[in-house]
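To start, the structure itself, in structure tokens.
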Amino acid sequence: MVYHDDDVPEEIVEPLREICLALPDAYEELAWVGTRWRVRGRTFAHVLTVDPDHHAAYTRVSGADRPVPLLTFRSPPDELDALLAGGPPYFRGRWGRDVVVLVLPDEIDWAEIAELMTESYCVLAPKKLVARVRHPS
């Protein structure tokens, strides 16, 4: 198994990369930990493995008591309420009014992730770029 520098398995990073980089003018960069995808300097997706001993803010939000891969993203208000109403594995990020933290499960529904990443991108991208987005079916 190949790992990224913060132990996010490539089998998580690679599909995310494909989804995120398919969006207009999206780009990838290494974050302070993990990998993030951005549009016009704004992060619409960030994947990292949190360790309760080193990532207190993420641990408090997710309740993780062991290292777990997390995906943070933005959500429009109506979707945010729906995601959070279901409870875990979705949590509200405490560092933005529209930030969602998803503890990634062992079996990831990549179609759902594609929808979430597209919505997150659309929350932050300029209208001109949003008009070019092809939404996943």
Residues in side chain to side chain contact (heavy atoms under 4.5 Å, CB included) contact with Pro15, at least two apart in sequence or another chain: Trp110
message: Does any part of the side chain of Pro77, heavy atoms only, come nearer than 4.5 Å to the side chain of Asp98, both counted from C-beta?
response: no
query: Would you say the side chain of Glu115 lies within less than 4.5 Å of the side chain of Thr118, judging by non-hydrogen atoms?
result: no
message: Tell me the closest heavy-atom pair linking Cys20 and Ala26, and the distance in Å.
response: O-CB, 3.2 Å
task: Group every Ile, Leu, Val, Met, Phe, Trp and Tyr by side-chain heavy-atom contacts under 4.5 Å, then state whether Leu48 and Tyr27 land in the same group.
output: no
message: Can you confirm whether Arg97 is buried at CZ, in the sense that more than 12 heavy atoms of other residues, nucleotides or ligands lie under 6.0 Å from that atom?
response: no
- request: Side-chain contact test, heavy atoms from C-beta onward, threshold under 4.5 Å: evaluate it for Thr72 versus Leu102 and give yes or no.
  value: no
message: Quick check for you: to the nearest 0.5 Å, what is the distance between Tyr90 atom OH and Leu84 atom CG?
response: 10.0 Å
task: List the steps and the verdict of side chain to side chain contact (heavy atoms under 4.5 Å, CB included) for Arg40 and Leu129.
output: CA-CA 10 Å; Arg40 303 279 166 96; Leu129 293 177; 3.8 Å; yes
- prompt: So, do Val101 and Phe73 sit near enough that their side-chain heavy atoms are less than 4.5 Å apart?
  reply: no
- prompt: Which pair of heavy atoms, one from Ala125 and one from Val130, lies closest together, and at what distance?
  reply: O-CG2, 3.6 Å
message: Please evaluate residues Phe91 and Val103 with respect to the criterion side chain to side chain contact (heavy atoms under 4.5 Å, CB included), reporting the C-alpha separation (whole Å), side-chain torsions for both, the decisive distance (0.1 Å), and the verdict.
response: CA-CA 8 Å; Phe91 302 89; Val103 177; 3.7 Å; yes
Audit row: Thr43, Leu124, side chain to side chain contact (heavy atoms under 4.5 Å, CB included) steps and yes/no: CA-CA 8 Å; Thr43 301; Leu124 297 177; 5.7 Å; no
- request: May I ask you to test the Ile108-Glu11 pair for a side-chain heavy-atom distance under 4.5 Å?
  value: no
- request: Return yes when atom CD of Glu14 has more than 12 non-hydrogen atoms of other residues, nucleotides or ligands closer than 6.0 Å, and no otherwise.
  value: yes
task: Check whether any side-chain heavy atom of Val8 sits under 4.5 Å from a side-chain heavy atom of Thr35, and report yes or no.
output: no
task: Could you walk me through whether Glu10 and Arg17 pass the side chain to side chain contact (heavy atoms under 4.5 Å, CB included) test, one step at a time?
output: CA-CA 10 Å; Glu10 281 297 316; Arg17 178 176 289 131; 3.9 Å; yes
- line: CZ (Arg132) and CG (Asp25) are apart, to the nearest 0.5 Å, by 5.5 Å
- request: Apply salt bridge (charged side-chain N to carboxylate O under 4.0 Å, His left out) to Glu28 and Arg36, showing your working.
  value: CA-CA 6 Å; Glu28 176 180 315; Arg36 64 184 174 189; over 6 Å; no
- request: Could you check if a side-chain atom of Leu116 sits within less than 4.5 angstrom of a side-chain atom of Ser75, using non-hydrogen atoms only?
  value: no
Shortest non-hydrogen contact from Ser120 toward Arg74: OG-N, 2.8 Å
query: Once you round to the nearest 0.5 Å, how far does OG1 of Thr49 lie from CG of Leu70?
result: 8.0 Å
message: For Leu80, run the side-chain contact (heavy atoms from CB on, under 4.5 Å) check against Val123, Val100, Val99 and tell me which one passes.
response: Val100
- prompt: Do Ile113 and Ile19 come close enough that some side-chain heavy atom pair is under 4.5 Å?
  reply: yes
message: Please check this pair: side chain of His46 against backbone of Val33, looking for a donor-acceptor N/O pair closer than 3.5 Å.
response: yes
